[in-house]
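Structure first, commentary second.
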Amino acid sequence: MTTSQGGGNRYDFKAIEEKWQGLWNDNETYRTTEYDARKKYYVLEMFPYPSGRIHMGHVRNYSIGDVVARYKRLRGYNVLHPMGWDAFGLPAENAAQKNNSHPAVWTYDNIEYMRRQLRQLGLSYDWQREIATCNPEYYRWEQLIFLEMWEKGIIYQKVTTVNWCESCQTVLANEQVIEGACWRCDSPVLPRQMNGWFFKITDYAEELLADLDKLQGWPEKVVTMQRNWIGKSTGLTCDFQVYGSEAKISIFTTRPDTVYGVTFMSLAAEHPLIAPLIAGYEKEQEVRTFVEQIITEKQRKSNEEEPEKKGIFTGRYCLNPFSGKKIPIFIANFVLMEYGTGAVMAVPAHDERDFEFARKYGLEIVPVIMPEGVTLIDRDMEQAYTGPGVLANSGLFTALPSEEAKQSIIRYAVEQHFGAPHVTYRLRDWGISRQRYWGAPIPMVHCDHCGVQPVPRHELPVVLPQDADPGSSKCDPLHQRPAFYTTTCPVCQGPARRETDTMDTFVESSWYFARYTCPRFTQAPLDREKASYWLPVDQYIGGVEHAILHLLYSRFFTKVLRDLGYLDIDEPFTNLLTQGMVIKDGAKMSKSKGNVVDPHDLIATYGADTVRLFSLFAAPPEKDLEWNSQGVEGSSRFINRLYRFIAQNRQFLQKKAASRGEPGESGRILHRKIHQTIRRVTENIENNFHFNTAISAVMELFNTLSAATDPAARDRAEAHIAREAIEVILVLLSPMIPHFCAEMWEQLGNSGSVEQAPWPQFDAKAAAEEQLTIVVQVRGKVRGRLEVPADIDDDELIRLALTDDNVARFIGGDTVKKTIVVKKKLVNIVV
RNA sequence: GCGAGGGUGGCGGAACUGGUAGACGCACCAGACUUAGAAUCUGGCGCUUUGGCGUGGGGGUUCGACUCCCCCCUCUCGCACCA
């Protein structure tokens, strides 16, 4: 059985799509070079992980990007539109183990298959620039960047408590822990002490935060998420002297104005001062047991809600440096060692957590911030007051407003040498060590004599071994491969051990957009000139799930690469479009829910153009797209209607030169509609990529064209207008359904391809209406409509409105108080 | 709890700086063509007792509110003991 749809009723999408894909491929139509007279435009979609086959989310993402690329080409830009593969990662290992294959084999097979699928969608990529991050020719440059970052001191190694996923057998970055669970497999994440490599992203915290203001072309939501993630807090660090000891406890607070309300001190269970504090005191053993208990509880906690607040008195006291007041030192389970100093000055009157804790253990509550017109009394307080106010019982600072007091108190602490202004971030350094095989090796060597040494540059790349050691699995991590890690020290030539951790795959995706500008450059990670020409990416498109992880890391890398001298930009992505998910039956498509639609089948049934058209038409790109098989039929029907119209009117449409003279009524309407459509489509794309409304505008034009083309009147003066209409339709739609438009353009006998056609020019005069429908309202309610010439004056309009029968009826006997005329729109009569 | 963004026909969605709510499409209904169906074409399609009522609910500003202001309900997403 043939799947082609010949017979004249439906267009043969299979033949047409294959033909044009072949031509684009053979002619390298989308190959891009630099230094063109045209302005550059770099449009990029987030590159896929080669998981096996493309899914509807890919189709949507890449259709959107392709429309942008094709549109910008038609508008005369030199467009860079590349594609590649985020090819390292755990699924390859899992799949390889299951199939007794090798991750590289599995990955490259998938790339092969998915590349073919992308080609079938007719996406206009410059395939010459394709990259796969698992290729040593890619990651060797990443290793070089690593070495340069190491030299610059942006990389360090430390033993810390890391996020460990037992199921993935690897460490995760903070950003990869979602509600206490692994971002990939959803199993609980446990803390674990380990040595690992870190990127000092916190060195860039301030710039990453400040530059968010430059990202005017980003969705507000993403900017806010990043701002919260960086989490800057400004305040005071200051020291509390331990009573009867030389030791000091350093605290951080964002509320120095409440410092006279401190009634106790809370330490995190992991605080290093606890051991010396309690040593030799009577309750030592009891406290020690409590601390251990809290630490185990913390390790066990996962997605559950907040545990109940609890703590224990250490038996020791410290002194408030401002008031000299002696306060008890507690250990509390809600104090985090990772944030601030791991010690909190507790102000129960003005902090909810401290309030709860104080009430539970019967501790003193001293209100020192009074809201306007209110005097707080500790016994009557039912909750902490956290708002602003005026200071009370605060020594020198009493009666100051709280905002002002913050500054004065910090200044005082500095003068008295027991404190300093301080800024803290929630952002942690990026831990990039992974204990897995399928990733880029970290190019370092450990030598017993010389310590940690970088691999000499001429030895790069440190290649990931492709063969298994005898008797082991193909996916064994590097620390189980003596043939890999046994080496000599680059300094002393003695025996040494290679680093066996691989890099987090997010490192690869943090700079790939830059490598696309010079994917085969062999001298350095980046060709400065080409990178400078193309970057930043003008339009980046991808899922909102990357709002923090990938987009924050890429911003960080851009700044690092700038500081290493490779780039001359501060931010990688000027405009960001976060497209919504593709859902079906109200839920995200997923295998477990069984609601997956495979694009492969759809393309086979309807063709790529229909699939693209539907995914663009059914919703604006930033919203979720509800998949609807009947909607796909509708898109297919529209293209087929266009096809039949052209096929059936070919003769008529050819009479371009023959028609002369004044067009009739329908011709004038059509001509006007053409120009109104050009304006609408152009604006819809330019403003916010609302292809759904752009497409509906073209549908309207086509409806007008079909109605205007009465077979009985075909030889009339309208022929050249009809011809203009169909050409405009084909150009306007060509970014969305490129195969069909290319074919029809050719069949209509145009010289040159539709891709070389100029974007149609909007003519305001041609779009102007000659007759207007004016709405007549009485007291704001529509009571009539008038057909009037566009140039009618207001007085005449009012006169006409008042004579309208229905309008007169609603005015009845009332007197007209006022009339409001809105130009070209309406008349409102107030009675 | 904090932050962000939404709630418009049976459905997806339109509506410019306040000015005809429901464009376009899907579904549905009727008709044409057909032996019949599919496909296609034409017309209809918010609710409704024809006077009205309608953009989550209630108030307000205005000649006029999906749009602006206040209060409330609800959904989605992100963060979540951050001192």
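Proteins get letters first, then strands, A, B, ... in listed order; numbering begins at 1 in each.
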Is the charged tip of Arg783(A) near the ring of Phe810(A): under 6.0 Å from the six-membered ring centre and within 45° of its axis?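 Yes.
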Kindly confirm or rule out a cation-pi arrangement of Lys309(A) over Phe334(A), judged by NZ or CZ under 6.0 Å from the six-membered ring centre and within 45° of its axis?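 Yes, Lys309(A) sits over the ring of Phe334(A).
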Tell me which nucleotide among [options] gets nearest to the side chain of [X].
X         : options                   : value
Phe810(A) : rG52(B), rC63(B), rA83(B) : rG52(B)
Leu826(A) : rC79(B), rG19(B), rC77(B) : rG19(B)
Arg353(A) : rG12(B), rC53(B), rA83(B) : rA83(B)
Val775(A) : rA4(B), rU20(B), rG64(B)  : rU20(B)
Ser696(A) : rA14(B), rG3(B), rC24(B)  : rC24(B)
Thr254(A) : rA83(B), rC26(B), rG13(B) : rA83(B)
Pro620(A) : rC82(B), rA14(B), rC26(B) : rA14(B)
Thr253(A) : rU40(B), rA4(B), rA83(B)  : rA83(B)
Phe617(A) : rG52(B), rC24(B), rC79(B) : rC24(B)
Glu700(A) : rC24(B), rC81(B), rC53(B) : rC24(B)

Could you tell me the separation between the [atom1] atom of [X] and the [atom2] atom of [N], rounded to a whole number of Å?
X         : N       : atom1 : atom2 : value
Arg783(A) : rG51(B) : CZ    : C1'   : 10 Å
Glu220(A) : rG6(B)  : CD    : C1'   : 15 Å
Met345(A) : rC82(B) : CE    : P     : 14 Å
Asn684(A) : rA23(B) : CG    : C1'   : 12 Å
Gln226(A) : rG3(B)  : CD    : C1'   : 15 Å
Ile583(A) : rC75(B) : CD1   : P     : 17 Å
Leu267(A) : rA83(B) : CG    : P     : 18 Å
Asn640(A) : rA38(B) : CG    : P     : 17 Å

On a whole-Å scale, what distance lies between the [atom1] atoms belonging to [N] and [M]?
N       : M       : atom1 : value
rG78(B) : rC69(B) : C1'   : 28 Å
rA15(B) : rG31(B) : C1'   : 32 Å
rC33(B) : rA38(B) : C1'   : 13 Å
rG59(B) : rU49(B) : C1'   : 30 Å
rA65(B) : rU55(B) : C1'   : 11 Å
rG22(B) : rC45(B) : C1'   : 12 Å
rG56(B) : rG7(B)  : P     : 7 Å
rG25(B) : rC68(B) : P     : 29 Å

For [X], which contact category applies under a 4.0 Å heavy-atom criterion: base, sugar-phosphate, or nothing?
X         : value
Gly231(A) : nothing
Asp624(A) : sugar-phosphate
Asn692(A) : sugar-phosphate
Val544(A) : nothing

Salt bridge (charged side-chain N to carboxylate O under 4.0 Å, His left out) assessment of Arg227(A) paired with Asp213(A): CA-CA 10 Å; Arg227(A) 182 170 290 122; Asp213(A) 293 339; 3.4 Å; yes
Name all stems that contain residues of RNA chain B, defined as runs of 3 or more consecutive Watson-Crick or G-U wobble pairs, both distances under 3.5 Å.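 Listed by first number, the stems are B:1-7 with B:73-79, B:10-12 with B:24-26, B:28-32 with B:40-44, B:46-48 with B:51-53, B:56-60 with B:68-72.
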In terms of the angle between their ring planes, are Phe702(A) and Phe645(A) parallel, tilted or perpendicular, with boundaries placed at 30° and 60°?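 Answer is perpendicular, since the angle exceeds 60°.
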Closest-nucleotide 5' rank along RNA chain B - winner of Leu336(A) and Glu626(A):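 Between the two, 5'-proximity favours Glu626(A).
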Could you say whether Glu633(A) or Glu352(A) is positioned toward the 5' end of RNA chain B, judged by the nucleotide with the nearest heavy atom to each? Glu352(A)
Are Tyr339(A) and Ser233(A) close enough that a side-chain donor and a side-chain acceptor fall under 3.5 Å?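 On atom types as modelled, these side chains qualify, holding a pair under 3.5 Å.
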Any [X] side-chain heavy atom under 4.5 Å of [Y] side chain:
X         : Y         : result
Tyr606(A) : Val632(A) : yes
Phe240(A) : Ile327(A) : yes
Tyr260(A) : Val366(A) : no

So, OP1 or OP2 of [N]: does either fall under 4.0 Å of a side-chain N or O from [X]?
X         : N       : result
Arg227(A) : rG78(B) : no
Ser233(A) : rA83(B) : yes
Asn703(A) : rG25(B) : yes
Arg637(A) : rA27(B) : yes
Arg426(A) : rA80(B) : yes

So, is rG60(B) syn or anti if syn means the angle is within 90° of 0?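 What rG60(B) shows is an anti base, its glycosidic angle lying more than 90° from 0.
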Within residues 610-630 of chain A or reaching into it, pairs that qualify as salt bridge (Lys or Arg N to Asp or Glu O under 4.0 Å) - sequence neighbours excluded: Asp66(A)-Arg612(A)
Does the pair Arg359(A)/Glu356(A) count as a salt bridge with the N-to-O cut at 4.0 Å? no
Below 3.5 Å, does any donor atom in the side chain of Lys817(A) face an acceptor in the base of rC63(B), or the other way round? no
Do you know which of Glu787(A), Arg785(A), Lys825(A) makes side-chain hydrogen bond (donor to acceptor under 3.5 Å, both in side chains) with Thr773(A)?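 Testing each of Glu787(A), Arg785(A), Lys825(A) against Thr773(A), the sole residue satisfying side-chain hydrogen bond (donor to acceptor under 3.5 Å, both in side chains) is Glu787(A).
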